[in-house]
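Below you'll find the structure, written out as structure tokens, and then a few comments.
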2 protein chains.
Amino acid sequence: MSERDPTLMSGIPELVVLRLLAQQEMYGYEIARSLKVLSQDALTLGEGVLYPALHTMEARGLLRSRPKQVDGRTRIYYQVTPRGRKRLERLTASWQRVSEGVDRVLGAPSHE
Amino acid sequence: MSERDPTLMSGIPELVVLRLLAQQEMYGYEIARSLKVLSQDALTLGEGVLYPALHTMEARGLLRSRPKQVDGRTRIYYQVTPRGRKRLERLTASWQRVSEGVDRVLGAPSHE
DNA sequence: CACTATACCTCGGCATACGAGGTATGGAAA
DNA sequence: TTTCCATACCTCGTATGCCGAGGTATAGTG
């Protein structure tokens with residue numbers, strides 16, 4: 001009936017997570033909050049997106065993790081590997097390309 | 001082993017197709033070419049993406065089509081319905097929001 | 001004692017991007 | 001003539017990966 005909202009973010013979780021972690025080591029929950037704040041609520045990574053993403057990224061060698069006990073709570077801190085940094089560069093370039101492409105199309109002359 | 005390039009375009013095909021068609025009626029092949037030119041090669045919609053997308057969009061009432069014979073070739077022209085225009089507005093707003101969000105995250109201070 | 005915030009996780013569903021492959025016509029080149 | 005390219009449509013299978021819903025557990029606050 002009513003069409004479902006399309007995701008409009010593909011690859012974006014990976015891109016922004018890499019970007020955050022490139023600056024400093026962080027743990028999952030922190031990443032989620034940080035992203036919401038930094039993007040001024042434009043980007044919200046649900047836990048169902050974030051955690052699986054972190055796991056596959058680690059499995060691909062883009063991240064490394066280490067658990068840390070803080071106040072009886074377990075946090076898993078992630079950091080970017082060199083391979084992850086290369087990936088970040090590629091994804092960033094790709095994002096810029098595509099987003100400029102979209103903007104050009106959107107900005108194309110309309111006859112309103 | 002080597003990670004596969006992520007799509008980095010979700011919802012984008014729908015968005016840009018709607019945008020093009022909002023300006024004028026076009027047929028599939030034309031849309032593909034047009035998109036490539038307008039985006040300066042940043043966006044290339046393969047036929048395996050384009051045609052299925054057009055079909056589902058029509059099924060959802062966002063587009064209407066009519067076939068036309070030109071030089072013994074069949075072209076299927078698409079136009080945007082009012083519903084499609086509403087959708088375009090929503091998607092455009094959403095795109096702007098998200099892309100600005102990403103840019104803010106990417107532009108966040110790094111310590112290089 | 002209950003509730004919220006913190007902190008992790010998995011599962012199933014679904015949309016959809018994409019390559020590969022298929023049909024057919026018209027025109028230009030070889 | 002035959003071959004090839006551009007035009008013009010299509011479908012199928014696969015893989016990805018987003019997402020909501022739900023689950024566990026601790027610490028601190030009302």
Side-chain angles (χ1 to χ4, degrees), chain A residues 1-18 25-37 43-60 62-63 65-78 91 94 98 101-102, chain B residues 1-18 25-37 43-60 62-63 65-78 87 91 94 98 102:
Chain A
M1 338 260 144
S2 178
E3 62 268 20
R4 189 183 299 306
D5 268 340
T7 268
L8 208 43
M9 48 163 110
S10 184
I12 293 183
E14 187 182 356
L15 170 61
V16 293
V17 165
L18 280 174
E25 196 184 39
M26 292 173 95
Y27 58 97
Y29 209 76
E30 191 185 7
I31 293 172
R33 268 185 290 115
S34 197
L35 218 40
K36 209 165 156 23
V37 173
L43 267 31
T44 302
L45 241 46
E47 307 196 343
V49 175
L50 181 61
Y51 291 113
L54 288 172
H55 299 156
T56 56
M57 287 165 76
E58 185 174 19
R60 284 174 186 166
L62 307 174
L63 302 181
S65 70
R66 75 193 168 87
K68 206 175 177 181
Q69 293 298 324
V70 179
D71 297 322
R73 281 206 188 89
T74 307
R75 291 179 179 169
I76 299 180
Y77 281 83
Y78 290 90
L91 288 184
S94 179
V98 169
V102 171
Chain B
M1 305 285 140
S2 179
E3 62 269 18
R4 188 184 302 308
D5 268 339
T7 268
L8 207 43
M9 49 161 111
S10 183
I12 293 183
E14 186 181 358
L15 170 61
V16 293
V17 165
L18 280 174
E25 196 184 40
M26 291 173 95
Y27 58 98
Y29 207 75
E30 190 185 6
I31 293 172
R33 265 185 292 116
S34 198
L35 218 40
K36 208 163 155 29
V37 173
L43 267 30
T44 302
L45 242 46
E47 308 197 341
V49 175
L50 181 60
Y51 290 114
L54 288 172
H55 299 156
T56 57
M57 287 166 79
E58 185 174 20
R60 283 172 187 170
L62 307 175
L63 303 181
S65 71
R66 77 193 166 86
K68 205 176 177 180
Q69 292 299 324
V70 179
D71 297 322
R73 282 207 187 87
T74 306
R75 290 180 180 167
I76 301 182
Y77 281 85
Y78 290 89
R87 178 106 174 129
L91 289 184
S94 179
V98 169
V102 171

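Per chain, numbering begins at 1; letters A, B, ... match sequence-line order.
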* **Atom pair distance, as rounded to whole Å: CD1 in B:Ile12 and P in D:dC18** => 13 Å
* Asked: Would you say A:Leu35 and A:Leu50 make side-chain contact, with heavy atoms under 4.5 Å?
  -> no
* **Ion pair B:Glu14/B:Arg87, N-O distance below 4.0 Å** => yes
* Can a side chain N or O of B:Tyr51 be found less than 4.0 Å away from OP1 or OP2 on D:dC10? -> no
* **Residue met sooner reading DNA chain C from 5', once A:Arg75 and A:Gly48 are mapped to nucleotides** => A:Arg75
* Asked: Side-chain contact, heavy-atom cut-off 4.5 Å: A:Leu54 with A:Ile76?
  -> no
* Could you tell me whether the phosphate oxygens of C:dC8, OP1 or OP2, come under 4.0 Å of any side-chain nitrogen or oxygen in A:His55? => no
* Asked: Of the nucleotides D:dC9, C:dC9, D:dT11, which has the atom closest to the B:Tyr27 side chain?
  -> D:dC9
* Proximity to the side chain of B:Pro13 - top-ranked nucleotide from C:dA17, D:dC10, C:dC9 -> C:dA17
* Take atom OH of A:Tyr29 and atom P of D:dT26, then tell me their distance rounded to the nearest Å. => 17 Å
* When rounded to the nearest 0.5 angstrom, what distance separates NZ in A:Lys36 from CG in A:Leu43? -> 10.5 Å
* Structure fact -> Assert: residue with more 5' nearest nucleotide on DNA chain D, out of A:Gly72 and A:Ala53, is A:Ala53
* Asked: Which atoms form the tightest heavy-atom contact between A:Leu63 and A:Glu58, and what is the distance?
  -> O-CG, 3.5 Å
* Structure fact -> In whole angstroms, the gap separating C1' of C:dT16 from CG of B:Leu15 amounts to 15 Å
* Would you mind classifying the nucleic acid contact of B:Gly46 as base, sugar-phosphate or nothing, using non-hydrogen atoms under 4.0 angstrom? => nothing
* For B:Arg73, answer base if it contacts any base atom (sugar-phosphate contacts may also be present), sugar-phosphate if it contacts only those atoms, and nothing otherwise; contact means non-hydrogen atoms under 4.0 Å. => base
* To the nearest Å, how far apart are A:Lys68 NZ and C:dT6 C1'? -> 16 Å
* To do: Give the rounded distance in Å between these two atoms: CG of B:Leu50 and P of C:dT16.
  => 15 Å
* **Whole-Å gap separating P (D:dA6) and CD (B:Glu47)** => 13 Å
* Asked: Within less than 4.0 Å of OP1 or OP2 of D:dT16, is there a side-chain N or O belonging to A:Arg60?
  -> no
* Reckon B:Arg33 has a side-chain N or O less than 4.0 Å from the OP1 or OP2 of D:dA8? -> yes
* If you find the nucleotide of DNA chain D closest to A:Thr56 and the one closest to B:Leu54, which residue's nucleotide is nearer the 5' end? -> B:Leu54
* Separation of D:dG17 C1' from A:Leu91 CG (nearest whole Å) -> 14 Å
* Structure fact -> Sequence neighbours excluded, the answer for ring pair (Phe, Tyr, Trp, His ring centres under 6.0 Å) partners of B:Tyr29 is none
* Asked: How close or far is atom P of D:dC9 from atom CD of B:Glu58, stated in whole angstroms?
  -> 13 Å
* Remember a base hit wins even if backbone is also touched, and classify B:Glu30 as base, sugar-phosphate or nothing at under 4.0 Å, heavy atoms. => nothing
* Between C:dC8, D:dC9, D:dA8, which nucleotide has the shortest distance from any of its atoms to the side chain of A:Ile76? -> C:dC8
